[in-house]
There are 2 protein chains.
Amino acid sequence: MANKISDERKKEIIEGFYQLSVQNGLENTSIAKIGKHLGMPPSLIMHYFPTREILISNLISHILDQYLMIYEPVIRELETKNYADPNTFVDSLFSRDWNMLFDDGVFYSCYSLIFRNDRIKKEYRLLHDKLRESLKDILDRDDNFAGKDTDLLAEQIFVVVEGAYYYLSMIDDENVYNRKLEAYKSQVYDLLRKYEVQHL
Amino acid sequence: MANKISDERKKEIIEGFYQLSVQNGLENTSIAKIGKHLGMPPSLIMHYFPTREILISNLISHILDQYLMIYEPVIRELETKNYADPNTFVDSLFSRDWNMLFDDGVFYSCYSLIFRNDRIKKEYRLLHDKLRESLKDILDRDDNFAGKDTDLLAEQIFVVVEGAYYYLSMIDDENVYNRKLEAYKSQVYDLLRKYEVQHL
DNA sequence: TATAATATTGAACGGATGTTCAATTTATGA
DNA sequence: TCATAAATTGAACATCCGTTCAATATTATA
């Protein structure tokens with residue numbers, strides 16, 4: 001609460017940056033354009049983010065926070081119940097809902113920066129470690145997976161999820177999209193079933 | 001063979017573009033820089049590629065061709081034999097070799113363009129359709145998968161492969177890398193085993 | 001060899017880029 | 001209220017961007 005104006009401006013700038021990046025792409029969004037979009041001179045943007053690199057770095061933190069926020073409702077739902085139906089869980093993971101809330105184009109643009117920037121790489125790694133850890137905790141709380149390698153299971157589930165979004169992003173045709181979606185879903189169902197303790 | 005000089009120059013320009021993109025990133029590689037790198041004026045580049053958009057489009061075709069070329073030895077090996085050991089096949093798919101031959105950074109940069117360019121999206125889609133189709137053909141030729149949904153199997157294998165490369169690209173630590181690599185490999189082994197006809 | 005087509009050059013363009021800076025306005029705290 | 005700090009402005013910068021164009025050199029064709 002020390003610098004309230006400062007914090008609000010920073011937030012405003014980053015969100016403006018994000019919005020324009022969704023529309024025109026990260027690489028086509030300049031500081032001048034952000035300024036025009038928000039009705040402020042570029043020099044003000046540079047007052048809060050001294051270089052473009054710092055700006056981008058903050059945009060990435062913002063995006064990764066958003067990404068985490070999208071997962072959170074699913075994770076929290078599973079944390080409250082001691083056992084949640086895997087089907088509903090998988091359905092949430094593959095829900096089309098957060099395609100509306102989150103722009104994959106900007107996400108992959110930022111992802112591609114990990115190959116030349118170790119700090120960004122680390123930030124992406126930490127995000128995914130956190131997600132995997134959350135899932136593992138949930139699985140551990142479930143008796144069906146007692147004594148199983150839930151670390152490995154969580155890892156293998158997320159690999160399918162990421163691969164699925166990679167492929168689904170290429171698909172325009174709704175029927176094809178749904179068919180593929182079901183294929184990837186059942187792939188995760190199978191993983192869960194494979195790991196579950198057999199009840200009689 | 002009509003325009004040999006033209007074709008060679010085009011190839012030279014695209015490869016120069018690719019090399020600089022590997023070093024500095026796609027978004028930091030300008031026409032002027034390519035010209036300087038190859039010792040030719042930017043106007044010559046624009047003579048062969050009238051706009052930057054066309055240049056990028058050709059770079060993407062080049063990259064997707066290369067991507068296909070990396071898969072080809074594996075695919076051809078499996079085509080010649082009537083039955084190839086799934087293990088060696090999976091090993092090849094996950095071989096670290098083509099990380100040396102192919103730059104994932106440029107690949108993902110180009111991939112992120114699919115979200116705002118339908119032609120690029122289609123080109124990526126066709127590439128992956130082709131790869132999946134090749135794998136399906138190979139599986140179909142194998143008696144162990146007779147009567148099985150090899151289309152689905154191929155799809156699910158590639159989802160794991162793509163997801164795997166997505167995650168592995170974030171890992172620097174060699175031990176962690178290898179551990180994850182094995183997890184993803186065994187995930188594909190499991191898929192193959194699940195689909196195989198049971199022999200006694 | 002003459003002619004047409006192609007390849008190559010170098011200069012120039014308007015505009016956009018990230019960044020700097022000094023001046024001014026606004027808010028904060030004593 | 002007054003001094004100090006923070007927020008904001010607008011102009012200016014060197015440099016790079018993609019692109020254009022007319023002129024020249026080279027090659028292919030008849």
Side-chain angles (χ1 to χ4, degrees), chain A residues 1-60 62 106 109-110 112-113 116-117 119-120, chain B residues 1-21 23-62 106 109-110 112-113 116-117 119-120:
Chain A
M1 52 188 68
N3 282 9
K4 240 180 55 176
I5 298 178
S6 166
D7 287 347
E8 271 181 27
R9 271 273 175 277
K10 283 184 183 177
K11 198 178 153 192
E12 185 190 1
I13 291 166
I14 292 296
E15 278 177 0
F17 189 7
Y18 174 70
Q19 283 168 26
L20 289 183
S21 297
V22 171
Q23 284 176 39
N24 313 319
L26 181 70
E27 69 280 12
N28 299 317
T29 304
S30 66
I31 293 167
K33 283 179 186 168
I34 302 169
K36 187 171 284 181
H37 177 66
L38 297 174
M40 64 176 69
S43 49
L44 186 57
I45 295 175
M46 305 231 51
H47 175 247
Y48 291 108
F49 304 99
T51 68
R52 182 179 158 81
E53 209 194 332
I54 293 173
L55 225 202
I56 290 182
S57 179
N58 278 74
L59 174 69
I60 287 172
H62 171 76
V106 182
S109 286
C110 293
S112 74
L113 299 177
R116 271 165 300 112
N117 185 319
R119 208 178 58 248
I120 295 174
Chain B
M1 53 188 69
N3 283 8
K4 239 179 57 175
I5 298 177
S6 166
D7 288 347
E8 270 182 27
R9 272 271 176 278
K10 283 184 183 177
K11 198 177 153 194
E12 184 189 2
I13 291 166
I14 293 297
E15 277 176 2
F17 190 8
Y18 174 71
Q19 284 168 26
L20 288 183
S21 296
Q23 284 176 37
N24 313 318
L26 181 69
E27 69 280 12
N28 299 316
T29 304
S30 67
I31 292 167
K33 282 177 186 168
I34 302 168
K36 187 171 282 178
H37 176 66
L38 297 174
M40 64 176 69
S43 49
L44 186 56
I45 295 174
M46 306 230 50
H47 175 248
Y48 290 109
F49 304 98
T51 67
R52 181 178 160 80
E53 211 195 330
I54 294 174
L55 223 201
I56 290 182
S57 178
N58 277 75
L59 175 68
I60 288 172
S61 301
H62 171 76
V106 182
S109 287
C110 292
S112 75
L113 299 177
R116 273 165 298 110
N117 186 319
R119 210 179 54 247
I120 295 174

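Residue numbers begin at 1 in each chain, while the letters A, B, ... track the order of the sequences.
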Measure the distance from CD1 on B/I34 to C1' on D/dT19 and round it to the nearest whole Å.
-> 14 Å
Give the minimum heavy-atom separation between B/L20 and B/H37, together with the two atoms involved.
-> CD1-CB, 3.7 Å
Would the number of heavy atoms belonging to other residues, nucleotides or ligands and lying under 6.0 Å from CD of A/E15 be above 12?
-> yes
Whole-Å distance between C/dA7 C1' and B/M40 CE?
-> 11 Å
Any chance you could lay out the salt bridge (Lys or Arg N to Asp or Glu O under 4.0 Å) test for B/E8 and B/K11, step after step, and finish with the verdict?
-> CA-CA 5 Å; B/E8 270 182 27; B/K11 198 177 153 194; over 6 Å; no
Considering only side-chain heavy atoms of B/S43, which listed nucleotide, D/dC17, C/dG10, D/dT8, is closest?
-> C/dG10
Between A/K33 and A/N28, is there a donor-acceptor pair closer than 3.5 Å when you use the side chain of the first and the backbone of the second?
-> yes
Picking from D/dT19, D/dA7, C/dT9, which would you name as closest to the side chain of A/H47?
-> D/dA7
Is it true that a side-chain atom of A/S57 and a backbone atom of A/E53 form a donor plus acceptor pair closer than 3.5 Å?
-> no
With Watson-Crick and G-U wobble geometry limited to distances under 3.5 Å, how should the secondary structure of DNA chain D be encoded in dot-bracket form, using | for bases paired to another strand and [ ] for crossing pairs?
-> ||.|||||||||||||.|||||||||||||
Counting side-chain heavy atoms from CB outward, which of D/dT20, C/dC21, C/dA7 is closest to B/S6?
-> C/dA7
Any idea which of D/dT20, C/dT8, D/dG10 is nearest the B/M46 side chain?
-> D/dT20
So, B/N117 side chain and B/L113 main chain: donor-acceptor pair closer than 3.5 Å or not?
-> no
Rounded to whole Å, CD1 of B/I31 lies from P of C/dA12 at a distance of 20 Å
d(CG, B/L38; P, C/dT9) in whole Å | 11 Å
Between A/I45 (CD1) and C/dT20 (C1'), how many Å, whole number?
-> 15 Å
Considering all heavy atoms, the nearest B/G25-B/T29 contact | O-OG1, 2.8 Å
A/A32 side chain: which of C/dT17, C/dT8, D/dT9 is closest?
-> C/dT17
Selection from D/dT9, D/dT19, D/dC17 that lies nearest to any side-chain heavy atom of B/R52 | D/dT19
C/dG18 P sits how many Å from A/E53 CD, rounded?
-> 13 Å
Roughly, in whole Å, what's the span from NZ in B/K36 to P in C/dG10?
-> 14 Å
According to a strict under-4.0 Å criterion, is A/R9 in side-chain N/O contact with OP1 or OP2 of D/dA6?
-> no
Counting just side-chain N and O atoms, does B/S30 come under 4.0 Å of either OP1 or OP2 of D/dC17?
-> yes
Just call it for B/K33: base, sugar-phosphate, or nothing, with non-hydrogen atoms closer than 4.0 Å on any strand.
-> sugar-phosphate
Report the residue (A/Y48 or A/P42) whose heavy-atom-nearest nucleotide on DNA chain D is the more 5′ of the two.
-> A/Y48
Value in whole Å for how far the C1' atom of C/dT19 lies from CG of A/L44 = 14 Å
Please assess B/R116 against A/E27 for the test salt bridge (Lys or Arg N to Asp or Glu O under 4.0 Å), listing each intermediate value before the final yes or no.
-> CA-CA 12 Å; B/R116 273 165 298 110; A/E27 69 280 12; 3.5 Å; yes
On DNA chain C, nearest-nucleotide positions of A/N28 versus B/P41: which is more 5'?
-> B/P41
